A.B. asks: 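I am attaching a structure below and will ask some questions about it afterwards.
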Number of protein chains: 2
Amino acid sequence: MSNTATTGPRQDNRRLQLLDAAARLFRAHGYHATSMRDIARAVGMLPGSIYYHFPSKDELLLTVYEEGVRRIAERVDAAVQAQRQPQQRLQAACIAHLEMLLDQSDYAQVVLRVVPDNTGPSQRRLIALRDQYEVRFKQLVAELELPPEVDRHYFRLLLLGALNWAQTWYRPGGDPPRIIAMELLRALYGGENQT
Amino acid sequence: MSNTATTGPRQDNRRLQLLDAAARLFRAHGYHATSMRDIARAVGMLPGSIYYHFPSKDELLLTVYEEGVRRIAERVDAAVQAQRQPQQRLQAACIAHLEMLLDQSDYAQVVLRVVPDNTGPSQRRLIALRDQYEVRFKQLVAELELPPEVDRHYFRLLLLGALNWAQTWYRPGGDPPRIIAMELLRALYGGENQT
DNA sequence: GCTTTAACCAAACGGCCGTTTGTTTTTCTA
DNA sequence: TAGAAAAACAAACGGCCGTTTGGTTAAAGC
């Protein structure tokens, strides 16, 4: 009963397993089509046991979402910081973004696949998380040299839309995400100022 | 008002009401989050009565999907045929596409909002319907003059992705769909060969 | 007028849903 | 090694799900 802080909590491994399974299933089938029983079965657990780790299904989605944003942001930031020229910085960001979105992370894919409409009480926080991530692209586009007629707001929406929509037509076996990102950028720039 | 054929079955009015309600609810809440009871309540009907008009929920979605593709294709085709120059033909298609997608038709919005993954036995037909519609844009892009470095395949995916993704950020009260389409195209062309 | 039939009602079917409750097992510390 | 805390089990709760079945109503056709 002593108030010692030396005692760390147990490793809590299954919590991570739960998050992994939830991310995978949410990505594959969507939020509503995935049941708590599905998630429990995927980690070899009884449905009720999930509620020791998460208070609700909604909160489970929120945690996956947060982790997804964290992972894709981390990866994109690292890619951007390795470049100097604005054009190459944006290209690096697009490549990293697309790799996470198409190949790497179930978590990141949930962020864009699961539409935060009527998914529960935390839908506003989901949207806020997504917006917070996209601020990076706002800054990258602001650095860029563009013709004066081009509205940077719509330039960003054009680029992000094209990248995110790739999730709907991408199939493994075709061009890898890196090539796709570069081809989309080339189509966008019209082949003018290419590296 | 003698436009009614004197013979034939009864007018079967509620079937259209059902489709309208289903389209509206599928668009707003998604397929899985919309129950047959929700749809029945929206038209003032008991849940079981829907099965007189449609054999299953899956078939109901398929019918909405088909009607959505039909409506958006009809509208886009009309807009394209009113133009001669390839660039203006594509622009007209984009405007019509976006207007249907953002403002006009619940049916058309279902086609792009409801991801046809694990929605039931007819998911392949849903994808086929969507592909069949997008063939139009393939042709429009083929007519277009483009720099030789630009891959027309990715040019089309870039454009359609940007347009379709607008569904996730569009809010009524901002720029109308027509302006959005033109701004996106301007960002895509880089302000070069504008009308 | 009688029959047919389109259209819907009324009521239930089994099943899965998210979640709760009480108990048991495991694990780590004191 | 005793005991507390963490983690999972076992079993149910009420409720909603898509769908089925059989009966009722009212318009249409002969």
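Throughout, a chain's letter reflects where its sequence line sits, starting with A, and its residues are numbered from 1. All figures in this text were calculated on a predicted structure; none of them were measured in a lab.
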A.B. asks: Apply side chain to side chain donor-acceptor pair (under 3.5 Å) to A/D151 and list each qualifying residue two or more places apart in sequence or on a separate chain.
C.D. replies: none
A.B. asks: By a strict heavy-atom criterion of less than 4.0 Å, which residues belonging to residues 28-49 of chain B are in contact with DNA chain C?
C.D. replies: B/R37, B/G44, B/M45, B/L46, B/S49
A.B. asks: For C/dA6, does OP1 or OP2 lie under 4.0 Å from any side-chain N or O of B/H53?
C.D. replies: no
A.B. asks: Between C/dA10 atom P and B/I50 atom CD1, what is the distance in whole Å?
C.D. replies: 15 Å
A.B. asks: I'd like to know if B/E67 pairs up with B/R71 as an ion pair, taking the criterion as any Lys NZ or Arg NE/NH1/NH2 lying under 4.0 Å from an Asp or Glu carboxylate oxygen.
C.D. replies: yes
A.B. asks: With sequence neighbours left out, which residue pairs that include part of residues 80-105 of chain A fulfil the ring-ring contact (aromatic ring centres under 6.0 Å, His included) condition?
C.D. replies: A/H97-A/Y133, A/H97-A/F137
A.B. asks: With respect to the phosphate group of C/dT19, does any side-chain polar atom (N or O) of A/Y51 fall under 4.0 Å of OP1 or OP2?
C.D. replies: yes
A.B. asks: Between the two ends of the helix from C/dG1-D/dC30 to C/dA30-D/dT1, what is the bend in degrees, rounded to 10 degrees, where each end axis spans five pairs?
C.D. replies: 10°
A.B. asks: Output every pair passing ring-ring contact (aromatic ring centres under 6.0 Å, His included) with a member in residues 72-95 of chain A, not counting sequence neighbours, ordered by first then second residue.
C.D. replies: none
A.B. asks: Listed by chain and number, what are the side chain to side chain donor-acceptor pair (under 3.5 Å) partners of B/R152, not counting sequence neighbours?
C.D. replies: none
A.B. asks: With a cut-off of less than 4.0 Å, is there a side-chain N or O of B/Y52 near OP1 or OP2 of C/dA7?
C.D. replies: yes
A.B. asks: Kindly write out the residues that satisfy salt bridge (charged side-chain N to carboxylate O under 4.0 Å, His left out) with B/R41, not counting sequence neighbours, or none if the list is empty.
C.D. replies: B/D38
A.B. asks: Short of 4.0 Å, heavy atom to strand atom, which residues of residues 55-65 of chain B count as contacting DNA chain D?
C.D. replies: B/S56, B/K57
A.B. asks: Sequence neighbours excluded, which residues qualify as side chain to side chain donor-acceptor pair (under 3.5 Å) partners of B/E99?
C.D. replies: B/R75
A.B. asks: Who are the salt bridge (charged side-chain N to carboxylate O under 4.0 Å, His left out) partners of A/R24, not counting sequence neighbours?
C.D. replies: none
A.B. asks: Quick one: list whatever passes side chain to side chain contact (heavy atoms under 4.5 Å, CB included) with B/E74, sequence neighbours left out.
C.D. replies: B/R70
A.B. asks: If the condition is side chain to side chain contact (heavy atoms under 4.5 Å, CB included), which residues does B/D131 pass it with, not counting sequence neighbours?
C.D. replies: B/I127
A.B. asks: Tell me: CZ of A/F54 to P of C/dG18, nearest whole Å?
C.D. replies: 15 Å
A.B. asks: Report the relative orientation of the aromatic rings in B/Y189 and B/F155; use parallel for angles under 30°, tilted for 30 to 60°, perpendicular for over 60°.
C.D. replies: parallel
